[in-house]
Amino acid sequence: MHKPIKYVEAAAVAAAKGVWAVFERVNRIKPNPSPTPKWSDKPLLKSYEKSKPPLGWPRSTDSLCPKCVPEIRQQILDGHLPHEVLMNEKVGEIKATIIERDGKIMMVKECPIHGLFEDVMSIDTDFSKHLEDVFPGRDIKAHNDEHLHHHGSSTVKYGRGSVLTIDLTNRCNMMCDPCFMDANQVGFVHELTWEEIKQMLDNAITIKPRRQMSVQFSGGEPTLSPYFLDAVRYARKVGYNSVQAATNGIEFAKSFEFAQQAVEAGMRYAYLQFDGIGNAANAHRAVGNLFDVKLKAIENLHKAGCEIVPVITIVNGINNEQVGRIIKFALDNPKTISFLSFQPVSFTGRDEAVTDERRQAQRYTLSHLAHDVKDQTGLGEPARDWFPISFMGTFSDWADLMHAKDANNDWGQLSCGCHPNCGTGMAVMIDKETKESVPVTAFLHGDQLAKDIAKVNDAARGKFMTGLGMALCLMKNYDPFQSPTHFKLFDLLKKFDKNYHITGKNYGKVGPDRTIDDVMKRRTTDRWNFLFIAGMWFQDLFNYDFRRTEQCIIPYATQEGEISFCAYNTGVGWRNIIEKMHMTATLTKWYEEHGRHEIFAGGKKVKMEEQHVDYLKLREEIVTNELQRDLDKLGIAKTAREEKIRARDAKQKAAAEARGPQKNDAAYNARMASLYREVVLKEKPVQSQDGFIPLGALAKPNGNGASAAKPEVAEPVAGD
């Protein structure tokens with residue numbers, strides 16, 4: 001039964017629709033030109049001025065050959081080609097077609113040398129069409145950026161990003177598989193100096209439009225860098241509103257004091273590697289107590305005042321069954337977790353040479369995610385409640401317009417203007433007291449809301465009219481009977497004010513002068529938690545699309561400029577090249593000068609402080625105690641390492657078969673072993689009374705009763 005307030009709100013919604021009809025007609029009369037704020041050399045774009053890449057299907061695009069690119073990259077690494085070839089030529093590029101086939105969206109491309117390649121882009125055409133239909137268009141073209149954006153076909157062209165990524169080091173204290181950067185395996189250390197870190201942070205804020213941008217310190221494991229805390233502190237000092245660390249959480253789990261130091265330095269978010277609920281769900285990372293580490297890291301970081309974003313690399317057949325469990329964990333802990341970032345696997349780094357069989361079995365798309373969320377939690381309709389991350393650009397444009405003339409407005413709004421195939425998300429409103437949860441777009445009509453706000457933006461009126469227009473947009477698109485039981489229209493307006501700082505009310509500061517008191521104020525003065533379930537799908541060589549690369553919102557800052565996330569980690573592989581160009585030291589030299597850092601692998605456990613088990617709610621029924629066995633049943637390798645072992649074994653088996661059946665005969669093998677001992681080891685042959693060599697004499701038993709014969713010599717495998 002609905003509360004009386006819901007009927008009052010329904011009347012308010014009806015009234016807002018009537019007022020909007022008049023407001024919208026008046027607002028269309030002689031719209032004002034878009035203002036040019038201090039942070040841009042060009043005026044704000046009206047909605048109809050925004051360009052869009054080719055969308056829909058079938059369509060053609062520019063892609064890469066998965067075989068040509070690694071070959072050419074190796075020639076550059078070996079010194080046979082200059083790296084400038086990537087800037088001046090279309091290295092490894094081929095045309096691709098995106099088509100619909102059997103209810104799926106596919107990328108199909110053919111290399112004249114290596115043949116045909118196909119991969120799945122989506123398993124739901126309605127879902128994909130919806131994402132592309134509501135895409136608002138590209139951001140302002142980046143300008144004053146020539147010194148940073150100069151990477152040929154891989155150049156970032158639109159906007160100036162939203163999260164600047166800086167890899168402080170390629171060293172890591174884990175040996176994960178998958179790992180898109182192949183940490184601890186490249187044979188050298190690449191670690192930024194303090195001067196390089198400062199230069200990269202300074203360079204990024206010279207680009208126009210000077211939108212507010214987060215900076216994420218990554219790696220390897222960024223906390224291993226001796227400059228980690230200094231980098232966080234300096235980033236806040238020069239104006240980055242949100243400083244993040246992409247971390248496995250080990251160092252934060254080991255020390256609450258370290259978590260405090262990071263927050264005091266200015267770290268606002270921890271993007272925490274998080275693969276599932278329970279140690280079994282994290283077992284593929286080969287740390288004995290990894291889930292316990294995550295819980296302790298969350299506890300320490302949250303107590304210190306840091307916000308937690310679990311980051312889940314989703315691999316089909318490995319942990320896709322964890323989607324619902326992770327969301328339920330977040331719903332059970334709304335005061336601690338307000339953002340989940342699911343990242344479908346990208347076959348790159350350690351997995352670039354993936355077999356077709358494993359790639360097809362493990363491929364996971366954004367459409368898989370939307371359906372798994374619905375099937376495993378009951379939340380959301382894929383083609384109604386999921387929107388491209390760039391959808392929020394319309395709201396950012398509105399806030400930019402509101403604050404365009406503010407005297408102290410030196411930064412634009414955070415603007416996530418990526419391609420609609422890059423990222424998607426669903427917002428869920430959670431009652432922190434009752435734990436009731438409802439997708440926001442179940443009670444706020446997202447598609448129409450964005451169209452209405454675009455009309456307000458295009459008129460470019462003064463602050464009052466622009467603010468009034470937004471209030472009407474929110475009210476007319478609100479359905480009180482579909483919202484959470486205790487949620488009110490006023491709560492919606494207050495939430496919007498809190499996010500976009502419209503009225504000037506102090507909900508707790510988020511800028512460089514943010515204190516722990518501000519953190520607690522933002523946490524405790526709001527009954528409602530806005531949980532955002534995001535999916536960010538990074539490309540690999542099998543689904544690469546240059547139309548996505550050129551509007552990347554997560555550029556990497558490097559010694560050679562700023563490069564798209566996908567162009568750096570996948571694509572032509574700028575990471576491999578730049579890290580080799582600016583190598584700090586070989587592993588041997590590094591170990592001689594600095595010693596070896598501790599690595600947790602092979603089931604090794606992390607020693608931690610005592611854990612407060614009551615800090616987080618953890619329902620026993622969502623904890624996983626068994627490994628997901630889908631791929632075992634299909635006989636498919638789960639990791640790159642397992643593939644290498646299988647390939648090695650197959651090679652040895654083929655070699656044995658090539659020798660012929662007579663050479664596999666037991667008597668023949670015994671004779672060869674005897675000759676080896678007699679000729680190579682200079683041992684005297686052991687003979688029985690009848691003159692034959694006893695088979696037991698060929699191998700002396702060890703202490704366990706097992707044969708101690710010379711072990712089989714195998715080819716080296718990464719990670720051995």
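T466 approaches V456 most closely through the heavy-atom pair O-CG1, 3.8 Å. Across all non-hydrogen atoms, the minimal contact from V623 to G278 is CG1-CA, 4.0 Å. Summarising the geometry of K374 relative to G380, their closest heavy-atom pair is CG-O, 3.4 Å, with the distance given to 0.1 Å. Nearest heavy-atom pair across D372 and Y364 is OD2-OH, 2.6 Å. Of all the heavy atoms in A16 and M475, the pair that sits closest is CB-CB, 3.6 Å. Between K638 and Q362 the shortest heavy-atom distance is O-NE2, 2.9 Å.
Ionic pairing of R358 and D351 is present here: one or more N-O contacts between side-chain nitrogen and carboxylate oxygen are shorter than 4.0 angstrom. Ion pairing between R28 and E24 holds under the 4.0 Å rule for side-chain N and carboxylate O. Classification of D397 and K50 as a salt-bridged pair holds, one side-chain N sitting under 4.0 Å from a carboxylate O. Salt-bridge formation is detected for the pair K488/D491: a Lys NZ or Arg NE/NH1/NH2 atom is positioned less than 4.0 Å from an Asp or Glu carboxylate oxygen. Between E118 and R101 there is a salt bridge, since a side-chain N of the basic residue sits under 4.0 Å from a carboxylate O of the acidic one. The pair E307-R268 fails the salt-bridge criterion, with no side-chain N (NZ, NE, NH1 or NH2) lying under 4.0 Å from an Asp/Glu carboxylate O. One finds a salt bridge joining R211 and D139 here, because a Lys/Arg side-chain nitrogen approaches an Asp/Glu carboxylate oxygen to under 4.0 Å.
The neighbour count for K335 NZ, taken as heavy atoms of other residues, nucleotides or ligands under 6.0 Å away, does not exceed 12. Taking a 6.0 Å sphere around NZ of K46, one finds it holds more than 12 heavy atoms contributed by other residues, nucleotides or ligands. Within 6.0 Å of NZ in K432 there are more than 12 heavy atoms belonging to other residues, nucleotides or ligands. Crowding of K141 atom NZ: a count of heavy atoms from other residues, nucleotides or ligands under 6.0 Å not exceeding 12. Heavy-atom contacts from other residues, nucleotides or ligands closer than 6.0 Å to NZ of K451 number 12 or fewer. Crowding of K494 atom NZ: a count of heavy atoms from other residues, nucleotides or ligands under 6.0 Å exceeding 12. The 12-atom threshold is exceeded at OH of Y48, counting heavy atoms of other residues, nucleotides or ligands nearer than 6.0 Å.
Ring-plane geometry between F532 and F339 is classed as tilted, the angle between the planes lying from 30 to 60 degrees on a 0 to 90 degree scale. Using bins of under 30°, 30° to 60° and over 60° for the plane-to-plane angle, the ring pair F538/F565 lands in the parallel bin. Ring-plane geometry between F487 and W528 is classed as perpendicular, the angle between the planes exceeding 60 degrees on a 0 to 90 degree scale with a lower cut at 30.
If you look at W386 and F391, their ring centroids are not closer than 6.0 Å. Y7 has its ring centre less than 6.0 Å from the ring centre of F481. Taking the six-membered ring wherever Trp is involved, the centroid distance between the rings of H371 and F127 does not fall below 6.0 Å.
In this structure, T434 OG1 and I430 CD1 are separated by 10.0 Å, a value rounded to the nearest 0.5 Å. Atom CG of N241 is separated from atom CE of M213 by 12.0 Å, given to the nearest 0.5 angstrom.
In this structure, K52 contributes its side chain and F135 its backbone to a donor-acceptor pair below 3.5 Å. In this structure a side-chain-to-backbone donor-acceptor pair under 3.5 Å is present from Q322 to I277. Side chain of K294 to backbone of Q273: a donor-acceptor contact under 3.5 angstrom is found. S483 contributes a side-chain N or O that, together with a main-chain N or O of P480, makes up a donor-acceptor pair within less than 3.5 Å. The closest donor-acceptor contact from the side chain of E9 to the backbone of L489 lies under 3.5 Å. Side chain of N27 to backbone of F23: no donor-acceptor contact under 3.5 angstrom is found. Panel note: side chain S60, backbone T97; no donor-acceptor pair is recorded below 3.5 Å. Looking only at distances, no side-chain donor or acceptor of K3 sits under 3.5 Å from a matching main-chain atom of H486. A donor-acceptor pair is defined here as one N or O able to donate and one able to accept, closer than 3.5 Å; no such pair exists between the side chain of T424 and the backbone of G535. The backbone N or O of C418 sits less than 3.5 Å from a side-chain atom of S390, completing a donor-acceptor pair.
For the side-chain contact (heavy atoms from CB on, under 4.5 Å) test with P53, the passing option among E132, R548, Q551, R59 is Q551; the others fail.
There is no side-chain donor-acceptor pair under 3.5 Å between D540 and T348. Using a 3.5 Å distance cut-off with no hydrogens or angles, the side chains of Q360 and D356 do not pair a donor with an acceptor. No side-chain donor-acceptor contact under 3.5 Å links T165 and Y568. In the model, N421 has no side-chain atom that pairs as donor or acceptor with a side-chain atom of D545 under 3.5 Å. Judged purely by distance below 3.5 Å, without hydrogens or angles, the side chains of H284 and D275 pair a donor atom with an acceptor atom. Residues S128 and S122 bring a donor and an acceptor atom of their side chains to less than 3.5 Å of each other.
Under the 6.0 Å distance and 45° angle rule, R359 does not count as a cation-pi partner of F347.
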#### Entry: Steps toward ring pair (Phe, Tyr, Trp, His ring centres under 6.0 Å) verdict (W537, F342)
CA-CA 8 Å; W537 189 22; F342 290 92; over 10 Å; no

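In this structure the side chain of R527 reaches within 4.5 angstrom of the side chain of E433, judged on heavy atoms.
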